[in-house]
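Heads up, the thing below is written out as structure tokens.
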Amino acid sequence: MLINFFFTLRAAKLPVSVKEYLMLLEAIKAEVIGPSVDEFYYLSRASLVKDEAHFDKFDRAFGAYFKGVEMLADFTKEVPLDWLRKNLELELTPEQKALIEKMGWDELMETLKKRFEEQKERHEGGSKWIGTGGTSPFGAYGVNPQGIRIGQDKGRNKSAVKVWDQRAYKDYDDTLELGTRNIKVALRRLRRFAREGAETELDLDDTIHCTAANAGYLDIKMVPERHNKVKVLLLMDVGGTMDEHIHRVEELFSATKSEFKHLEFYYFHNCVYDFMWKNNRRRYSEKTATWDIIRKYNKDYKLVFVGDATMSPYEILQPGGSVEYNNEEPGAEWLQRLTHAFPKFAWINPEPQGVWQYRQSISIIQQLTNQRMFPLTLAGLEGAMRLLSK
């Protein structure tokens, strides 16, 4: 019966292989899980999904295939009624206890079993069948202090015994915008570790080897802490149309600072010109010449622009095009100087990729950066890191 489940996952663009599918079947045959949809969910996700970026796609495909099924109840096992009744007595009101007297737990489970056998299709409304929007004690909208919730993303009466279908990995979808944690995950694709600085970590392998060679006398060896040795020069657009992207750019900046020990950053407005700055409050009094930045950092630095590239084309192509001062050289000249000085570069654009084709300035920036522009999504950021790591 799981053949169709396998094809459902493939139809959802999940990279599920036949080998992984066979491994899942072997686990089921070995009875590593019980007759529960919850247990099957965790087993199949662990067997079939190898990248957390696909968790949300898996959740949606799993929910589509098993819609309406809450659990595969094992009716061959006895329910510990004494234990259950003692716990219910602590939580139920007198009115609810009176309802229990009318339909006991045994009768409730037996009725559920019969409903599963009788019901052949999806049902909405009503008070008998298992479905949506009804008052059956087995649905999410049913009223029964011992009700079993089947389906729905939330219950109405807060009386369900079991809840599933919560999609806890929505932000892992690689088509969605990022949070700080997911940005860190994407940035880790650009890693190259080295041990630099003071010797502060125990080198266990070398300590064991040297102690053994020293006739058992302890010979402790220390090594510097491992750090990502990749160097990043981050240039960020600020102000104007970037104001609506402040939160996301702050998340990117925070994640970048935590992931890269060697990070240098500067701000610019709309397009890079002959100076940039580190403090927006003192942008005019503490300017840094762009030529000084080019001379200060060598080609080992990965250059990352962050900006929506949304402006008048004159701001890029014409002298004096800046909206703030009379720049002697066009922004395009400075972009070419920077990308020539730092051959490994990329542009991260927080604007939705669907609008890029309607912005002439974005098209110009894409041409000037050799089409190395990526959207600020998980897939886009991973693509940029993959390019920079080559």
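The figures that follow rest on heavy atoms only: side chains count, while hydrogens, waters and symmetry mates do not.
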key: Pairwise side-chain contact, Val355 with Thr310, heavy-atom cut-off 4.5 Å (strictly under)   = no

message = Nearest 0.5 angstrom please: Cys271 SG to Ile364 CD1, how far?
response = 10.0 Å

Thr8 to Ala61 - nearest heavy-atom pair and separation = CG2-O, 3.9 Å

note = Distance col, row Leu234:CG vs Phe265:CZ, nearest 0.5 angstrom, shows 8.5 Å

query = Could you go step by step and tell me if Ile365 and Leu335 meet the side-chain contact (heavy atoms from CB on, under 4.5 Å) rule?
reply = CA-CA 9 Å; Ile365 294 292; Leu335 272 175; 3.5 Å; yes

ask   = Does some side-chain heavy atom of Leu48 sit less than 4.5 Å from a side-chain heavy atom of Leu14?
value = no

inquiry  = side-chain contact (heavy atoms from CB on, under 4.5 Å) for Val249 and Ile348? Distances and angles first, verdict last.
reply    = CA-CA 10 Å; Val249 175; Ile348 307 297; over 6 Å; no

query = What distance do Asp59 atom CG and Arg45 atom CZ have between them, rounded to the nearest 0.5 Å?
reply = 7.0 Å

For Val238 against His269, the heavy-atom pair lying closest together = O-ND1, 2.8 Å

query = Which heavy-atom pair separates Arg248 from Pro350 by the least distance, and what is that distance?
reply = NH1-O, 2.8 Å

query = Which pairs count as ring pair (Phe, Tyr, Trp, His ring centres under 6.0 Å) when at least one residue sits in residues 320-339, sequence neighbours excluded?
reply = Phe275-Tyr325, Trp291-Trp334

ask   = Any donor and acceptor pair, going by atom type alone, linking the side chain of Asn370 with main-chain N or O of Arg372 inside 3.5 Å?
value = no

task = Check the pair Asn270 / Glu315 against side-chain hydrogen bond (donor to acceptor under 3.5 Å, both in side chains), numbers first and verdict last.
result = CA-CA 8 Å; Asn270 284 358; Glu315 294 182 63; 2.7 Å; yes

key: Check: Lys344 side chain, Lys390 main-chain N or O, donor-acceptor pair, under 3.5 Å   = yes

inquiry  = Quick check for you: to the nearest 0.5 Å, what is the distance between His262 atom NE2 and Lys302 atom NZ?
reply    = 13.0 Å

inquiry  = Here's a test for you: under side-chain contact (heavy atoms from CB on, under 4.5 Å), which of Val272, Leu235, Thr290 qualifies with Tyr266?
reply    = Leu235

remark   = Between Asn327 and Ser322 the two heavy atoms that sit nearest each other are OD1-N, 2.9 Å

key: Residues Lys296, Glu264: salt bridge by 4.0 Å N-O rule   = no

inquiry  = Taking Leu22 as the starting point, is it possible to reach Ile33 by hopping between hydrophobic residues whose side chains are less than 4.5 Å apart?
reply    = yes

note = In short, Ala309 meets Trp347 closest at the heavy-atom pair CB-CZ2, 4.1 Å

message = Can you tell me how the ring of Phe305 sits relative to the ring of Phe268, calling it parallel under 30°, perpendicular over 60° and tilted otherwise?
response = perpendicular

ask   = With Phe7, which residues qualify under ring-ring contact (aromatic ring centres under 6.0 Å, His included), at least two apart?
value = none

query = Once the angle between the rings of Phe58 and Phe62 is folded into 0 to 90°, is it parallel (under 30°), tilted (30 to 60°) or perpendicular (over 60°)?
reply = tilted

request  = Check whether any side-chain N or O of Glu39 sits under 3.5 Å from a backbone N or O of Gly34 as a donor-acceptor pair, and report yes or no.
outcome  = yes

task = Drop me the distance from Tyr273's OH to Glu329's CD, to the nearest 0.5 angstrom.
result = 12.0 Å

query = Any chance NZ of Lys50 has more than 12 other-residue heavy atoms, nucleotides or ligands included, within less than 6.0 Å?
reply = yes

Stacked cation flag Lys299 on Phe342, 6.0 angstrom / 45 deg = no

ask   = With side chains defined as the heavy atoms from C-beta onward, is the minimum distance between Trp356 and Glu351 less than 4.5 Å?
value = yes

message = Are Ile3 and Leu43 linked, directly or through intermediate hydrophobic residues, by side-chain heavy-atom contacts shorter than 4.5 Å (ILVMFWY only)?
response = yes

ask   = Does atom CD of Gln371 have more than 12 heavy-atom neighbours from other groups under 6.0 Å away?
value = yes

task = Apply the test side-chain contact (heavy atoms from CB on, under 4.5 Å) to residues Val18 and Phe6: give CA-CA distance (whole Å), side-chain angles for both, the deciding distance (0.1 Å), then the verdict.
result = CA-CA 9 Å; Val18 174; Phe6 174 77; 4.2 Å; yes

query = If Ile, Leu, Val, Met, Phe, Trp and Tyr residues are connected whenever their side-chain heavy atoms lie under 4.5 Å apart, and connections chain through other members, are Leu25 and Phe40 in the same group?
reply = yes

message = Ring centres under 6.0 Å, that's the criterion: do Tyr65 and Phe5 meet it?
response = yes

request  = Measure the CD-CD1 distance between Gln367 and Ile316 for me, rounded to the nearest 0.5 Å.
outcome  = 10.0 Å

request  = Please say whether more than 12 non-hydrogen atoms of neighbouring residues, nucleotides or ligands are located less than 6.0 Å from CD in Glu328.
outcome  = no

inquiry  = Apply side-chain contact (heavy atoms from CB on, under 4.5 Å) to residues Phe374 and Leu387 and explain how you reach the verdict.
reply    = CA-CA 10 Å; Phe374 299 86; Leu387 173 67; 3.8 Å; yes

message = In this structure, would Met311 and Tyr358 fall into the same cluster of hydrophobic residues linked by side-chain contacts under 4.5 Å?
response = no

task = Considering non-hydrogen atoms only, spot the tightest contact between Gly320 and Asn326 and give its length.
result = CA-OD1, 3.2 Å

request  = Verify the cluster assignment for Ile208 and Tyr217: are they in a single hydrophobic cluster under the rule of side-chain heavy atoms below 4.5 Å apart?
outcome  = no

query = Are any non-hydrogen side-chain atoms of Leu24 and Ser44 less than 4.5 angstrom apart?
reply = yes

task = Evaluate the side-chain proximity of Leu252 to Leu381: yes if any heavy-atom separation is below 4.5 Å, no if none is.
result = yes

ask   = Is a donor on one side and an acceptor on the other found under 3.5 Å between the side chain of Ser47 and the backbone of Glu20?
value = no

key: Whether Thr207 side chain and Lys221 backbone form a donor-acceptor pair below 3.5 Å   = yes

